[in-house]
Amino acid sequence: MKDIRNVSRRCFLKTGAALGGGIFASGMPLSQAIWAAEGKVLKASSYGDLTKLDPAFYARAVEVDVMNCIYSTLIRYKPGSEWGWELEAAEKIEQVDPTHIRFHLKKGINFTGGHGELTAKDVKFSFERVIKLNAPTKPDWGPFDHVELEDDYTGVIVFKEPYAPVWLVPLPYAAGQIVCENAVMQATKDGGDFGMKPPAFSGPYVLADWKPKQYISLTRNPEWSGPKPGFDEIRILPIDDVKAAERAYQAGDIDFTGISLDSLATFKKTPPANTKVEKRPSIGYVWIGMNIENPKLKDINVRKAIQWAINVPQILDAAYAGEVEVATGTIASGLVGHREEALVPPEGDLAKAKEFLEKAGVTDLALTIDCRNESGHSTIAQTVQAQLSQIGISVEVNVRDTSTFWTLGMQSEGDRWKELQLIVNSFIGLPDPHYEVSWFTQDQVGVWNWERFRSERFDELVAKAVTIDDPDARAKLYYEMQDLMEESGAYRFLTNEASVLAYRTTQVEGATRPDGNPLYLDFKPV
């Protein structure tokens, strides 16, 4: 979930223009785009709406789920219970040495709109564009330098230093999505952010229609020459609140959805007809963040008082029905760098919290806590409100709609970041620990580092850890990084959550990553 992720809604497609004009930016006639609505339709929910379909500037995982269908990557995640990858646009790819990866593309992958075949030049443009634009996905690429072209279908990805996360972070995810150089340059003049207007598609699907806050419709790409996906149309309903998604599933409006952990027992005991329920371990992370630069939180003693006053198990019982484990940091169990325990015990200590507050010399402290309008996060905020009242801190809860929330800490969106105090936040994870720490470096302050945490040592460790192959040696560096975050007083880690999925076995055979994230191209109709 990371990017410049400028998530303001300034680039909505105009539904009226789409229906009246009949031609999308990709050059596809509307009649071709919507023919599939009469065929097999996958109806799924996502936890929010689109804000970007530019891989360099994506804002949310749901956008990557869509981009996986409309663009191509050299490699892609394999569905199943174990993390791994398989070839997609690449016919062959190999690590030549620690800093060079050679790829050879499949022939016959075409861009829509008459933009021709996908070539190594498009790969070079797409990857180097992220660095040139200093895009929010830049941390995913680590010490990437450039792509050398050997012929139309062959290139070499060159890194300045060895980069261990390359196979599980940039290549199969958003930073590895390949866009059309010719189409992007025509659409933007400078190769910049094209927002919600993809100038060309190369995947099995195209974006046929998007009605903000209503649905996203993907239909078959008539120019696609690869393996045929299972559905004629993928229709995704953006539903911010998981409880609303559950109701939509029970009403038959969708056939695949995430459900809340506090509904898991009910769904298992009395599931809707023909429903399969699966619980998957998540590698995301949820935490309470504190804006160090807000005047009320500048004193580390105030921040430590808040850390020690927060009882994590109480929060998890209230917000997740006790169905998740306590987090020890940003890195989940099973990943390299997972800490066995945090520095502050899960239950905290009210007496110690009061001592820190007395040391700060603060009385009658009033704070705000911001969260998304999602039932679990609002429950977290309300529980923190009650817990901090026990040490004399009053807290006002600000529940924000999704689009507003994701701009709160971004300096590119104005000065609202200065008003931020406490934040209930969550990021998705990827299976390399680099992804779980890279958003907290100094160059991410005002982008995704909303706590405005700054540590030279932390930045050094982030850069060093990706050059090491030995898992044990890498792990020690990630232990220290999470220690540094916690020692700053700006973080109280809560949980790595879990994913619970429900799908209708009479309509669809689901396919996901090990963490439960949908891989729509692998879904099959029943």
Side-chain angles (χ1 to χ4, degrees), residues 3-6 11 25-27 52-58 63-64 66-76 87-93 99-160 163 166 169-203 206-207 221 223-224 226:
D3 351 63
I4 262 181
R5 308 177 195 195
N6 179 340
C11 300
S26 64
K52 295 277 185 179
L53 285 178
D54 186 327
F57 295 91
Y58 82 97
E63 294 162 353
V64 184
V66 170
M67 291 190 294
N68 287 339
C69 300
I70 62 177
Y71 302 130
S72 301
T73 50
L74 295 177
I75 62 174
R76 61 193 294 268
L87 296 173
E88 189 177 74
E91 184 174 75
K92 182 180 180 181
I93 190 167
T99 58
H100 293 78
I101 295 173
R102 176 176 282 106
F103 65 87
H104 183 76
L105 293 170
K106 297 174 182 175
K107 296 182 180 180
I109 301 174
N110 293 313
F111 288 109
T112 57
H115 290 290
E117 193 174 15
L118 188 155
T119 69
K121 281 188 63 181
D122 298 299
V123 177
K124 177 181 176 67
F125 172 77
S126 301
F127 295 178
E128 292 181 4
R129 173 176 177 256
V130 172
I131 309 304
K132 178 182 177 182
L133 298 175
N134 195 29
T137 45
K138 183 179 178 180
D140 292 9
W141 274 113
F144 166 75
D145 191 68
H146 68 283
V147 175
E148 294 177 355
L149 300 178
E150 294 188 350
D151 58 41
D152 287 347
Y153 301 99
T154 309
V156 177
I157 305 168
V158 181
F159 291 86
K160 299 172 186 174
Y163 187 52
V166 63
V169 177
L171 285 179
Y173 203 58
Q177 299 282 356
I178 303 164
V179 295
C180 177
E181 178 179 16
N182 183 52
V184 172
M185 292 305 295
Q186 285 184 17
T188 65
K189 308 305 179 187
D190 61 357
D193 182 2
F194 55 76
M196 274 300 301
K197 297 182 178 180
F201 305 108
S202 65
V206 300
L207 178 67
N221 179 357
E223 298 185 43
W224 173 250

Engineer: Could you check whether the rings of W141 and F159 sit parallel, tilted or perpendicular, using 30° and 60° as the cut-offs?
Structural biologist: tilted
Engineer: My understanding is that only one of V158, I157, V166 makes a side-chain contact (heavy atoms from CB on, under 4.5 Å) with F144; could you say which?
Structural biologist: I157
Engineer: So E128 and K132, salt bridge (Lys or Arg N to Asp or Glu O under 4.0 Å) or not? Walk me through it.
Structural biologist: CA-CA 6 Å; E128 292 181 4; K132 178 182 177 182; over 6 Å; no
Engineer: Between E150 and R102, what is the shortest heavy-atom contact and its length?
Structural biologist: OE2-NH2, 2.8 Å
Engineer: Checking L207 against L53 for the side-chain contact (heavy atoms from CB on, under 4.5 Å) test, could you report, in this order, the C-alpha distance in whole Å, the side-chain angles of both residues, the deciding distance, and whether it holds?
Structural biologist: CA-CA 10 Å; L207 178 67; L53 285 178; 3.8 Å; yes
Engineer: Is a side-chain donor-acceptor pair under 3.5 Å present for D151 with T154?
Structural biologist: yes
Engineer: May I ask you to check whether T73 and E88 show a side-chain donor-acceptor distance below 3.5 Å?
Structural biologist: yes
Engineer: Run the numbers on R129 and D193 for salt bridge (Lys or Arg N to Asp or Glu O under 4.0 Å), then give the verdict.
Structural biologist: CA-CA 10 Å; R129 173 176 177 256; D193 182 2; 5.5 Å; no
Engineer: Checking Y153 against E117: is there a side-chain donor and acceptor pair closer than 3.5 Å?
Structural biologist: yes
Engineer: Around atom NZ of K121, are there more than 12 heavy atoms of other residues, nucleotides or ligands at under 6.0 Å?
Structural biologist: no
Engineer: Indicate yes or no for a side-chain donor-acceptor contact from E63 to the backbone of K52 under 3.5 Å, with no hydrogens or angles considered.
Structural biologist: yes
Engineer: Kindly give the heavy-atom pair with the smallest separation between I178 and F111, and that separation in Å.
Structural biologist: O-CE2, 4.4 Å
